[in-house]
There are 2 protein chains.
Amino acid sequence: MKFAKIPMATINRLSIYMRTLQDLLEEEMDVISSERLAKQCGVNPAQIRKDLAYFGEFGVRGVGYRVSDLINQIKEILGLNRNWNLAMVGLGNLGSAMIRHGNFIKHGYIFTSAFDVDPQKVGKRLPNGLIINHVDELEEIVKEREAHIGIIATPASAAQSVANQLVLGGINGILNFAPVQIQVPDCCHVENVDFTIKLDCIAYHLSSGG
Amino acid sequence: MKFAKIPMATINRLSIYMRTLQDLLEEEMDVISSERLAKQCGVNPAQIRKDLAYFGEFGVRGVGYRVSDLINQIKEILGLNRNWNLAMVGLGNLGSAMIRHGNFIKHGYIFTSAFDVDPQKVGKRLPNGLIINHVDELEEIVKEREAHIGIIATPASAAQSVANQLVLGGINGILNFAPVQIQVPDCCHVENVDFTIKLDCIAYHLSSGG
DNA sequence: CCCATAATGTGAATAATATCACATTGTTAA
DNA sequence: TTAACAATGTGATATTATTCACATTATGGG
Ligand SMILES: NC(=O)c1ccc[n+]([C@@H]2O[C@H](COP(=O)([O-])OP(=O)(O)OC[C@H]3O[C@@H](n4cnc5c(N)ncnc54)[C@H](O)[C@@H]3O)[C@@H](O)[C@H]2O)c1
Ligand SMILES: NC(=O)c1ccc[n+]([C@@H]2O[C@H](COP(=O)([O-])OP(=O)(O)OC[C@H]3O[C@@H](n4cnc5c(N)ncnc54)[C@H](O)[C@@H]3O)[C@@H](O)[C@H]2O)c1
């Protein structure tokens, strides 16, 4: 099963399973069935088993999954048994909110650099101790601090240019909050987050009696 | 075509098309082909035509789509030719960042109430003029201010209880930022936003040579 | 030791989604 | 007027994802 092509949706769900399993671990639950986990994650039990089957056999028939083992297996699959260094670009409302947020570090995501163009912001120290650098220094600093993932939290108009600089800095993964489609070489993986799309989706459902 | 079941994915894409079309309008482009629009949105041209075909015929054969017309059509489809009132619950990092963000109002999303439990925050005035109310008053105030959509930006532990209160307040659409699956009656539509999942997804791609 | 039980892992069936390919139809210019 | 063109709208096809259904296999009690 190891080298089938893995559906994107599976990867997303693994992340959800892991989060739920971590909650379960805190509640001292040490074994769980796909049925109960599925209910808690809002998916079909067979889905969970299928998703896991892409990567191996992690359960015990007649019993279920050992919670802490499964967490470790999923971490291994997703590549989360290590830390990832993040470069934040754009320290406005959203960028600042994320840097202040404590949960990323818990999951092994560490902000090691931060960039803006605003001269008012460049040179300031953030709550986590980081100093904001000018975006012109991005390529250099990103290499120096071994950033793995870039986060674009600038206005849409700057997003493509920031993406270009991140790529030059050797970054192969980008989380983009700007509401535009950015163009990058194939070696670079982009994930987009756009809240407004989600709101539009809710509006649609409210409008058409869904 | 009007009453086929519409794929969720189609609704999401319509929102993206609209955003791109609005950019094109600013660049004074008044007609666009599905091919060019598709490139800009990163999808297949036939996809765009199929998505639109669920709702009618909006193009001109041999020519393409009139940009401003198509924007209006999509707004009509998604229910965006009106305003939607938002209730923000949890004025921490993320909730505050969203309220400060100017783009929501441009798209017809208006914050009409804001709630927290923290006595330090309750009573404070936000940059947009709103006063933060105590979450105990949620049900009442949400009804009074005719909120349509609730946004949950509290810690995960409070999310379900907030969701319950929103539903009691008559709200049928929820945007949930807390990393838990909330349970609501069928009449209520929930969309989840979880950045950490997106980061995990990038980590996976970086790890497995994608 | 063996049987009843419970829950996994998975092939087959189904459902959902995306793409192709082309007939159709407005447009423009000779 | 009409022919050449361009891009839509859509049935057919291909691909991808989800769910079903059950054979398989650990476990624990009698
Ligand atoms: N805040 C939200 O709730 C929200 C919601 C949806 C989408 N977004 C999107 O997220 C992005 C950020 O939103 P925000 O509210 O934080 O915006 P913001 O205006 O508060 O912050 C943008 C920051 O980027 C900086 N910047 C501009 N150009 C830059 C460049 N070339 N290099 C580096 N930094 C640059 C600005 O100086 C500013 O500090 C925007 O694209 C926005 O559309 C935000
Ligand atoms: N900020 C981020 O970058 C980020 C990223 C990913 C996920 N999230 C999620 O978004 C949510 C909010 O994140 P944050 O960083 O803004 O957290 P935060 O701790 O800064 O803010 C949470 C706010 O909710 C309030 N609150 C707590 N219980 C409440 C209740 N019952 N009713 C109303 N208000 C209540 C708190 O007083 C606080 O003001 C969390 O669930 C978090 O996991 C945030």
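Atoms considered below: every heavy atom in the structure, side chains included; atoms not considered: hydrogens, waters and symmetry mates. Convention: sequence-line order gives letters A, B, ...; per-chain numbering from 1.
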Base C:dT10 to side chain A:Lys50, donor-acceptor N/O within 3.5 Å cut-off:
no
So, A:His107 versus A:Phe104, ring centres under 6.0 angstrom or not?
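Between A:His107 and A:Phe104, the centre distance exceeds or equals 6.0 Å.
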Contacts of type side chain to side chain contact (heavy atoms under 4.5 Å, CB included), residue [X], not counting sequence neighbours:
{"X": "B:Ile16", "answer": "A:Ile197, B:Thr20, B:Cys41"}
{"X": "B:Ser68", "answer": "B:Leu25, B:Arg66"}
{"X": "A:Ser96", "answer": "A:Leu91, A:Arg100"}

Strictly below 4.0 Å, N to O, side chains only: are A:Asp200 and B:Lys75 in salt-bridge contact?
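No.
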Under a 4.0 Å threshold between the charged nitrogen and the carboxylate oxygen, would B:Lys143 count as salt-bridged to B:Glu139?
yes
Within less than 4.0 Å of OP1 or OP2 of D:dT19, is there a side-chain N or O belonging to A:Gln47?
yes
Using a cut-off of less than 4.0 Å, is there contact between a side-chain N or O of A:Tyr65 and OP1 or OP2 of C:dA6?
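Negative; the distance criterion is not met.
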Tell me: [atom1] of [X] to [atom2] of [N], nearest whole Å?
{"X": "B:Met8", "N": "D:dT16", "atom1": "CE", "atom2": "P", "answer": "22 Å"}
{"X": "A:Asn12", "N": "D:dA17", "atom1": "CG", "atom2": "P", "answer": "11 Å"}
{"X": "B:Leu52", "N": "D:dT8", "atom1": "CG", "atom2": "P", "answer": "10 Å"}

Is the count of non-hydrogen atoms from other residues, nucleotides or ligands lying under 6.0 Å from B:Gln181 atom CD greater than 12?
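Count over threshold, so yes.
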Heavy-atom check, side chain of A:Val89 versus side chain of A:Phe177, under 4.5 Å
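Not in contact.
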Indicate yes or no: at least one non-hydrogen side-chain atom of A:Leu70 is less than 4.5 angstrom from one of A:Met18.
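Side chain of A:Leu70 against side chain of A:Met18, heavy atoms only: no contact under 4.5 Å found.
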If you check the B:Asn44 side chain, which of D:dT10, D:dT19, C:dC20 turns out closest?
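Among the listed nucleotides, the one closest to the side chain of B:Asn44 is C:dC20.
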With heavy atoms under 4.0 Å as the rule, sort B:Arg36 into base, sugar-phosphate or nothing.
nothing
Secondary-structure notation, DNA chain D, from Watson-Crick and G-U pairs under 3.5 angstrom (| other strand)
||||||||||||||||||||||||||||||
A correct 5'-to-3' footprint of nucleotides 21-30 of chain C, with B, S and - meaning base, sugar-phosphate only and no protein heavy atom under 4.0 Å, is B--BBBS---
Could you check which residues of residues 17-35 of chain A get a heavy atom under 4.0 Å from DNA chain D? Sort them by number, please.
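DNA chain D contact set from residues 17-35 of chain A: none.
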